[in-house]
Amino acid sequence: MSETKGCIKCGSLDAAKKEVAMTGTGLSKMFDIQNNQFIVVYCKNCGYSEFYNKQSSTGSNILDLFFG
């Protein structure tokens, strides 16, 4: 059985990552405090995206997680 890696939607091997911050709920939303930080890995071919919590994903290669 051959193991294929790539985007789970289109199979492309062309991916990139970005850091994003988002507000939570309650007061952080009311005052626009963006305390939730994520790394987004996305396929450059089809746009499929996965979010990873920045605090729990440091130390591992995020692109490897995206490609399985």
I need the [X] [atom1] to [Y] [atom2] distance, nearest 0.5 Å.
X	Y	atom1	atom2	answer
S49	K17	OG	NZ	14.5 Å
N53	Q37	CG	CD	9.0 Å
K44	L13	NZ	CG	12.5 Å
C43	Y48	SG	OH	10.5 Å

With a 4.5 Å heavy-atom cut-off, do [X] and [Y] have their side chains touching?
X	Y	result
K54	E19	yes
S12	C46	no
F51	V20	yes

